[in-house]
Amino acid sequence: MRRAQALAAKREAAAERLSRADLPKGGAWVTAARENALERLHRMGLPTRRDEYWRFTRPDALITAQTAPVPLMVDEDAPQFGELDRLNLVFVDGVLDAAQSDALAMDNVEITTLEQAATQDIHWARDLFGVLETQGQAPVERPLAALNTATATQGLLIRVTGQAPRPISVTYLRGNEAGDGVVHHVIRLEKGAALTFLESGPAAARLSAVTEVDVADGASFNHIRTQGRDHGRRALTHLFARIGSDASFKSFSLTVNGALSRNEYVITLEGDDSHATVSGAVAGDGNDGPFHQDDTVFITHAGERCESRQVFKKVLRNGATGVFQGKILVSPGAQKTDGYQISQALLLDEDSQFLAKPELEIHADDVACSHGATVGAIDDEALFYLMSRGVPRRLAQDMLVLAFLSEALDEIDNDAIRDDIQTRLELWVERHSA
Amino acid sequence: MLEIKDLHVKLAEEDKEILKGLSLTVPSGEVHAIMGPNGSGKSTMSYVLSGKEGYEVTSGSATLDGVDLLAMEPEERAAAGLFLAFQYPVEIPGVGNMTFLRTAVNSQRKLRGEEELSAAEFLKLVRAKAKSLKIDADMLKRPVNVGFSGGEKKRNEILQMAMLEPKMCILDETDSGLDVDAMKLVAEGVNALRDGKRSFLVITHYQRLLDHIKPDVVHIMAAGRIIKTGGPELALEVEHNGYADLLAEVA
Ligand SMILES: Nc1ncnc2c1ncn2[C@@H]1O[C@H](COP(=O)(O)OP(=O)(O)OP(=O)(O)O)[C@@H](O)[C@H]1O
Ligand SMILES: [Mg+2]
């Protein structure tokens, strides 16, 4: 009875929220997908703090019809990925800005926007848009992803047919203090295709981003994201991925600052002999304003002989909060699965906290899975060792902070990209050194 | 010159005195050895001199060339010329050995108001010194001491010492865990640094190291203070008879 009441309240909240939303109009297939998402959202209702999946992170600020304004920050660091040879596409407050963007064209890649697609029948996208999101609603409901599918008008549809000659880079700028960005990307890698997809920037006062990625047999997808430094910004992201056989999927995120960031990953290894890695480095300082960062990962092994890795490292200080919820689900028959998960926090003081919920659910007998979550402080022995060699305390501590995070950065294969991220992180650590 | 006078040290967290009136002088250019039973306070002394937390100096003094060591931060003591080769070198995952060495060298130079070494200068220097200690390029690239064998860790300590060129070198059981050849390498590394001005305080349990690094003076430490000081023959005496007679003398 209590459950039914709670559900009724959640549904009512969804109806109320949607009554205040500008529901987009568009071509037939997009409209169908949106209507489907709406229907699902009405059924699920909006998440509340009492939902198990939102135990450590309050969804409130992600649900309101309007977002609170957040001062625009002038970022004086060199633009992220600015030195890389890339196809750069710029979104301002979640809206593609063609004037600041490169042309939507590259060998082996077809790129269109969700806006354009609404009037065309792009069937590869039709088969994906909202489809992986829908599949990702079980066994855990993610109503805010459905809300995104229902309301997003902005996003990229990217189809890769071979090796993409350059990374596609999306730069999310802010122009408006109260900008509310809703972005939905769909990426399809055909057999043997390869793409590096870069995302960077603060995006909006509040961002909801859903990315659906379909990685066909033998294809390789490499995702690197840095979430911008604006102190008050909020972001909820969902990355849904379906991975075929002999394929590779990698995603790395760097989060520094931001009042609230929740990154959800729903990855399904459908084929055999594939690999998936999700990793992240997080640095939060409560002195910049509230900091709450949440990585919520759900990896399903359905095929045989697949390997998955989750590597998350978070440095937290001055009342910052880090959350990690990570699950490895091994389906019946997914033999020879190799699943690895580690989440670690380095707390630089007693005001900060790390909340972790690692989970394994295994329905096959011949698998190797391990998981671990740890919380620690700066290692005094290491600190003294460095200082005894002449390194001042502050610098020594910074070195240990970067060393701690390096294990996550090591998941980035490309040296130029890794160095770019490392530089950004070093600047942050230097600025927040104490 | 290192001068320790009537040093009393207790644990910060407990009412346990470990150094009980330690006095010791190492004039510049000399090599002194300290021997003493397990738990007598040898490592504690070296930690207190280098500024490790967890100890409280209740009385006494320690100076290097007249400068009060105990008032300084650990990094300032290092920049002032003090170096401790750790009995148990610390592993630091995620910090490359090379980065560590370069940061240490340049931090000290900065603290002393000297010009920092350029990347090229540093590289040239470290390569030459590493070669003479048979430390290969791979070990320089790896994280500090991570996965190093016991002997490799000790050689890495001597490499740091060679790079930092301190005035006063304390070697805390640098010989333990070394094979015969590595012991020779380490001793050669130390001897190469002997220049008539630099001083050494070599903590060891065995005469063998002292065959290679000839001490001018040997001290025996027991229960937190020096109970006897003599020439190199004192080490031989300990080697043959143990500490029983010496302890009985002072009891
Ligand atoms: N932090 C500490 N906490 C508790 N006891 C300590 C601490 N540091 C030193 N001690 C104690 O002080 C005494 C001296 O220890 P120390 O390590 O200095 O001896 P040592 O002479 O170096 O011995 P060894 O020859 O075995 O290396 C020992 O009894 C040791 O247990
Ligand atoms: Mg000792």
Side-chain angles (χ1 to χ4, degrees), chain A residues 252 254 279-283 311-315 342-346 348 372 374 376-412 415 418-419 421-423 425-426 428-430 433-434, chain B residues 46-55 69 72-97 99-112 114 116 143-146 153 156-157 159-161 163-166 169-170 172:
Chain A
F252 169 89
L254 172 72
S279 57
V282 173
V311 180
F312 287 88
K313 311 275 282 192
K314 309 189 185 206
V315 174
I342 183 106
S343 65
Q344 295 183 311
L346 176 62
L348 297 181
T374 65
I378 286 278
D379 177 353
D380 285 337
E381 296 289 326
L383 193 67
F384 174 63
Y385 191 67
L386 291 171
M387 290 171 71
S388 79
R389 297 305 183 241
V391 183
R393 179 182 296 273
R394 256 180 67 155
L395 182 54
Q397 178 154 323
D398 291 353
M399 286 173 81
L400 295 176
V401 164
L402 289 167
F404 170 81
L405 293 172
S406 71
E407 205 184 310
L409 266 66
D410 285 345
E411 298 296 325
I412 303 172
D415 287 345
R418 188 193 188 285
D419 291 349
I421 301 234
Q422 174 79 19
T423 305
L425 201 49
E426 280 170 11
W428 189 93
V429 167
E430 219 170 276
S433 177
Chain B
S46 52
Y47 284 147
V48 169
L49 291 177
S50 3
K52 192 176 186 188
E53 284 172 16
Y55 303 99
L69 280 174
M72 289 190 269
E73 292 294 320
E75 69 271 23
E76 294 168 336
R77 302 180 196 205
L82 183 73
F83 180 89
L84 167 64
F86 282 55
Q87 181 172 1
Y88 304 107
V90 181
E91 299 189 4
I92 313 184
V95 176
N97 213 6
T99 310
F100 163 60
L101 273 171
R102 194 169 156 213
T103 310
V105 168
N106 281 335
S107 294
Q108 289 204 15
R109 287 179 159 253
K110 217 162 141 187
L111 281 167
R112 290 195 293 258
E114 299 165 8
E116 293 184 28
V144 180
N145 294 325
V146 177
K153 284 181 184 167
N156 201 29
E157 294 291 288
L159 172 64
Q160 291 166 35
M161 186 168 87
M163 289 299 297
L164 294 167
E165 301 184 326
C169 309
I170 304 175
D172 192 354

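Naming: A, B, ... by sequence-line order, numbering from 1 per chain.
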If you count heavy-atom pairs under 4.5 Å with chain B, which of A/A403, A/S406, A/A382 comes out on top?
A/A403

Chain B contact via A/L395 - which portion, at a heavy-atom distance below 4.5 Å
side chain

Choice from B/E53, B/Q160, B/K110 maximising heavy atom contacts with chain A below 4.5 Å
B/Q160

Is B/S107 reaching over with its side chain to a backbone N or O of B/T103, donor-acceptor style, under 3.5 angstrom?
yes

Name of the residue among B/Y47, B/Y88, B/F100 meeting ring pair (Phe, Tyr, Trp, His ring centres under 6.0 Å) with A/Y385:
B/F100

Need one label for A/E407: side chain, backbone, both or neither, based on atoms under 4.5 Å from any heavy atom in chain B.
neither

Quick one: list whatever passes salt bridge (charged side-chain N to carboxylate O under 4.0 Å, His left out) with B/R109, sequence neighbours left out.
none

When B/L82, B/N145, B/L111, B/L84 are compared by non-hydrogen pairs under 4.5 Å with chain A, the top option:
B/L84

Identify the residue among A/V315, A/D379, A/I378 that makes a side chain to side chain contact (heavy atoms under 4.5 Å, CB included) with A/F404.
A/V315

Salt bridge (Lys or Arg N to Asp or Glu O under 4.0 Å) contacts touching residues 72-92 of chain B (sequence neighbours left out):
B/E91-B/K153

Interface moiety of B/P166 toward chain A, non-hydrogen atoms closer than 4.5 Å:
neither

